[in-house]
Amino acid sequence: MYRELQTRLSERIRHVLRELYGIENFCIVIEQPPRVELGEYALPLGFELARKLRQPPRKIAEQIVAALGGLEGFQGFEIAGAGYINARLDRSGAARALIDETELPDPPPCHPAEILVEHTSINPNKAAHIGHLRNAILGDTFVRLLRAGGHSVDVQNYIDNTGVQVADVVAGLLFMERRSKEEILRMAEADARFDYTCWDVYPRVSQWYEQSSENAARRAEVLHAIEAGGNDIAEIAAAVSTSVVRFHLRTMQRLGIEYDFLPRESEIIHLHFWELAFQQLKEKGVVYKETAGPKAGCWVARRPRPLGAAAAGVGEEEDTKVIVRSNGTVVYEGKDIAYHLWKFGLLGRDFGYRRFYHYPDGRTCWMSAEESEAGHPRFGGAHEIYNVIDARQAEAQHTVVEALRGLGHAAAADRYHHFSYEMVALTPRCATELGYPLTSDDMARAYIEVSGRKGFGVKADDLIDLMIGSAQKEVDARHAELAAEERRSIAEQIAIGALRYFMLKFTRNSVIAFDFKEALAFEGETGPYVQYAVVRAGNIFRKAGISPVEALDPAADFQRWFSGETGAEIWELWLAAGKTTYVVEQCISSQEPAYLAKHAFQLAQLFSNFYHRHHILNEADDERRRFLLATASVAHRELIRTLGVLGISAPPVM
RNA sequence: GGGGGCGUAGCUCAAGAGGAUAGAGCACCGGCCUUCUAAGCCGGGGGUUGCAGGUUCGAUUCCUGCCGCCCCUACCA
């Protein structure tokens, strides 16, 4: 509702500017007045045009208001302050428009989809931790936002199954723990917490490497065997990584996160994606062979010079990034270039596809393979891509984008988005609680970085379990009358709501200093606060004996109820409810899901306030009662819709 | 050294593409449960937006310079 009316206003203003001043292509800024009494939209147009037209802002505003006349859906326009034009909505009309807004279903899946989002992408050598949760929750929420915005989206989770991280765990199991191939294969198959087992093995391997040069040599040995394929070590590595990936999928499934496709590095290697990309890179001169200096024998790419460092002149060295090492092996960025050419359909080769995982909702998660299974969909060839990757990898992402540009794929490069976010770290207090010894320097820091290599961090499933347990206690205390199974289900919904909201309430470039106390909070600006508002709204309809939909009469005229101070307060709730689509769009264009979390909270806050002030079921005036019920219904619907996009469901009772 | 990010209430964070009196939550203090669920609501104290300049009608936001913290800057992935 809010978005459509804003568009209408914007178009009308554009028309008026053309008629009045002959101004075209002016960027019309539309804001919101500080208080709703001043109207629903504010235009600082007078200020912006003052210089251009050599007239005082207020005068310009007067001319524009006079030219605007009436506009459907608007009650009128007025000038405020030194030259703002404020627009007032026809509240009753806007309310009817909002009542009519029924939820649009997500677009049906189609492959390949218009947009490709890559997220999660955890090294398959250990259990997921809280940092991975932030990635997956941000990525999944962004996918939901895009789908809510009407886009078709494929979700990919890149599996680096041939890298050193997997090699380290394999070396650890095989050579450090001296386990047999059969034993490791059995563990990968049967160990109920194989991801946790690996979590414990991994940090010990680093120490073991340091004990002797023979130990250290195992890393390269294993790595090479994995890359070569067709040997016992490669078989073990495949079993280990595939098993861990399954654990990751299960962990994420607990949070409602699903994937369409898992492209693996092993296929990028074995299907020779890199060779194709290398050919293109050489032909276009994006990479060249270094003949002298420390990088002699390497194929390198020029690094675009940062804007600031241009004029230095003296002692300038060519700044290059190695793509192929002097021993002929390709660095990670090289494989990534090939992979991203594929994402845009520019490589000239496709993966094979096989079924890997089936979700209860019927969706299939596919995995890359050398040979395709019958009936497979296609992925890649996307129009636009988003990579949910933490901010520390900005440089590597930049290298890939510039390579695409260098290859002449400028349009693709422009549609390549690094969806960057900051890491999740631990507060020193939290680290201490977990039993990690800290130096006094560490204690003074704002946060301590988690490290899988050191085994230092909070495992995702542990956190989820802890949160469910905490919610369970509350549910048990409040609803002893419910069956255990139902209490469990409610506790899960609350825990997931709390966790997802917690990861989304911070803007992307803010480091989250993780703390159990804050993450486990169910009061204040939290997911459960929003869920609670939904539950309370639901109770009203249950007790009133009607459904929320029945409470909405499209023909109703609520004009009289929106006037006065009380009316204005209630109108604020309607207005906020009408902004969901608007906020969704803002989130997409700014790549910032936190705005939607904020919207959910504000809506819940307004509703809680309304709930407290107006006792609906006791309302004697029948017409007013209907109005209040409609208000609760619209709030209820938009809260559920917003939570849905955040990946949070509301339990029936709390 | 170079590149990037950050600095806002005691703490954790907002401020929607420069706008009207800088807002929330937590914590603290004080009120509200025979009412549609108190995981809630109301009230209170709390700020020189790191410092100094500049740009303009107007700056937490843009520019410059300092101070402080963090990340990146591998023939690791």
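Worth saying up front: this structure is predicted, and the values here are computed from it rather than measured. Naming: A, B, ... by sequence-line order, numbering from 1 per chain.
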Indicate whether any N or O donor in one side chain lies under 3.5 Å from an N or O acceptor in the other, for [X] and [Y].
X	Y	answer
A/N539	A/R542	yes
A/K579	A/Q602	no
A/N387	A/Q397	yes

Expressed as a whole number of Å, how far does the [atom1] atom of [N] sit from that of [M]?
N	M	atom1	value
B/rU49	B/rG7	P	14 Å
B/rC51	B/rC11	P	15 Å
B/rC26	B/rG1	P	43 Å
B/rA17	B/rU12	C1'	26 Å

Quiz item: Roughly how far, to the nearest 0.5 Å, is CD1 of A/I85 from OH of A/Y41?
Solution: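 Between atom OH of A/Y41 and atom CD1 of A/I85 there are 15.0 Å.
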Self-check item: Residue A/P34, side-chain heavy atoms: nucleotide from B/rA20, B/rG40, B/rG25 that is nearest
Solution: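 Looking only at heavy atoms from C-beta outward on A/P34, the closest nucleotide is B/rA20.
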Self-check item: Closest to side chain of A/I494, choosing from B/rA20, B/rC71, B/rA39
Solution: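 Nucleotide nearest to A/I494's side chain: B/rA39.
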Give the rounded distance in Å between these two atoms: [atom1] of [X] and [atom2] of [N].
X	N	atom1	atom2	answer
A/F522	B/rG40	CZ	C1'	16 Å
A/I30	B/rA17	CD1	C1'	14 Å
A/L43	B/rG18	CG	C1'	16 Å
A/E585	B/rA17	CD	P	12 Å
A/I448	B/rC70	CD1	C1'	12 Å
A/E474	B/rG40	CD	P	11 Å
A/Y501	B/rA39	OH	P	19 Å
A/R35	B/rG23	CZ	P	11 Å

Would you say that [X] contacts [Y] through its side chain, given a criterion of any heavy-atom pair below 4.5 Å between the two side chains?
X	Y	answer
A/V169	A/K126	no
A/I130	A/R134	no
A/P651	A/Q531	yes
A/D168	A/Y209	yes

Across the strands shown, which category fits [X] at heavy-atom distances under 4.0 angstrom: base, sugar-phosphate, nothing?
X	result
A/D168	nothing
A/A42	base
A/Y447	sugar-phosphate
A/V166	nothing
A/D515	nothing

Quiz item: A/Y529 and A/Y501: aromatic ring centres closer than 6.0 Å?
Solution: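 Distance test on ring centres: not under 6.0 Å, no.
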Exercise. Measure from the ring center of A/Y595 to the ring center of A/Y582 and say whether it is less than 6.0 Å.
Key: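 Ring centres of A/Y582 and A/Y595 not closer than 6.0 Å.
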Which protein N or O atoms sit under 3.5 Å from an N or O of nucleotides 35-37 of chain B?
residue	atom	partner	partner atom	Å
B/rU35	O2'	A/H615	NE2	3.3
B/rC36	N3	A/I616	N	3.3
B/rC36	N4	A/Y611	O	2.2
B/rC36	N4	A/H614	O	2.6
B/rU37	OP1	A/N539	ND2	3.0
B/rU37	O2'	A/Y532	OH	2.1
B/rU37	N3	A/M654	O	2.6
B/rU37	O4	A/M654	N	2.7
B/rU37	O4	A/M654	O	3.0

Quiz item: What string of B, S and - do you get for nucleotides 5-13 of chain B, 5' to 3', if B is base contact, S is sugar-phosphate-only contact and - is no contact with any protein heavy atom under 4.0 Å?
Solution: SS-----SS
Quiz item: Quick one: do A/E62 and A/K59 make a salt bridge, cutoff under 4.0 Å?
Solution: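 No, A/E62 and A/K59 are not salt-bridged.
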Quiz item: Is A/D390 salt-bridged to A/R392, cutoff N-O under 4.0 Å?
Solution: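 Yes.
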Self-check item: Short side-chain N/O contact to B/rG25 OP1/OP2 from A/Q605, under 4.0 Å
Solution: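 Result: yes.
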Quiz item: So, is A/Y529 near the phosphate of B/rA38, with a side-chain N or O under 4.0 Å from OP1 or OP2?
Solution: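 So the side-chain polar atoms of A/Y529 never come under 4.0 Å of the phosphate oxygens OP1 or OP2 of B/rA38.
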Atom pairs under 3.5 Å, N or O on each side, protein against nucleotides 74-77 of chain B: can you list them with distances?
residue	atom	partner	partner atom	Å
B/rC75	O3'	A/R325	NE	3.1
B/rC75	O2	A/S326	N	3.1
B/rC75	O2	A/S326	OG	2.9
B/rC75	N3	A/S326	OG	2.7
B/rC75	N4	A/P294	O	2.7
B/rC76	OP2	A/R325	NE	2.5
B/rC76	O3'	A/R325	NH2	3.0
B/rA77	OP1	A/R325	NH1	3.3
B/rA77	OP1	A/R325	NH2	2.0
B/rA77	OP2	A/R325	NH2	2.2
B/rA77	O3'	A/D160	OD2	3.0
B/rA77	O2'	A/D160	OD2	2.5

Quiz item: Taking it one step at a time, do A/D441 and A/T439 satisfy side chain to side chain donor-acceptor pair (under 3.5 Å)?
Solution: CA-CA 5 Å; A/D441 278 357; A/T439 65; 5.2 Å; no
Taking only N/O atoms, report every protein-nucleotides 56-59 of chain B pair under 3.5 Å with atom names and distance.
residue	atom	partner	partner atom	Å
B/rC57	OP1	A/R51	NH2	3.3

Self-check item: N/O donor-acceptor pair under 3.5 Å between A/H612 side chain and A/N609 backbone
Solution: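 The answer is no, because no donor-acceptor pair under 3.5 Å joins these two groups.
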Quiz item: Quick one: ring pair (Phe, Tyr, Trp, His ring centres under 6.0 Å) partners of A/Y332, sequence neighbours excluded?
Solution: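 Testing A/Y332 for ring pair (Phe, Tyr, Trp, His ring centres under 6.0 Å), a comparison that skips the adjacent residues, returns none.
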Quiz item: Dot-bracket for RNA chain B, 5' to 3', with Watson-Crick and G-U pairs under 3.5 Å, [ ] for crossing pairs and | for other-strand pairs: what is it?
Solution: (((((((..((((.....[...)))).(((((.......))))).....(((((..]....))))))))))))....
Exercise. Decide salt bridge (Lys or Arg N to Asp or Glu O under 4.0 Å) for A/E395 and A/K321; before the verdict, give the C-alpha distance in whole Å, the side-chain angles of both, and the deciding distance to 0.1 Å.
Key: CA-CA 10 Å; A/E395 193 70 35; A/K321 168 75 192 126; over 6 Å; no
Practice problem: Give a yes/no verdict on a cation-pi contact between A/R536 and A/F607, requiring under 6.0 Å between NZ or CZ and the six-membered ring centre and an angle within 45° of the axis. | Solution: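 Geometry flag: not set, cation outside 6.0 Å or 45°.
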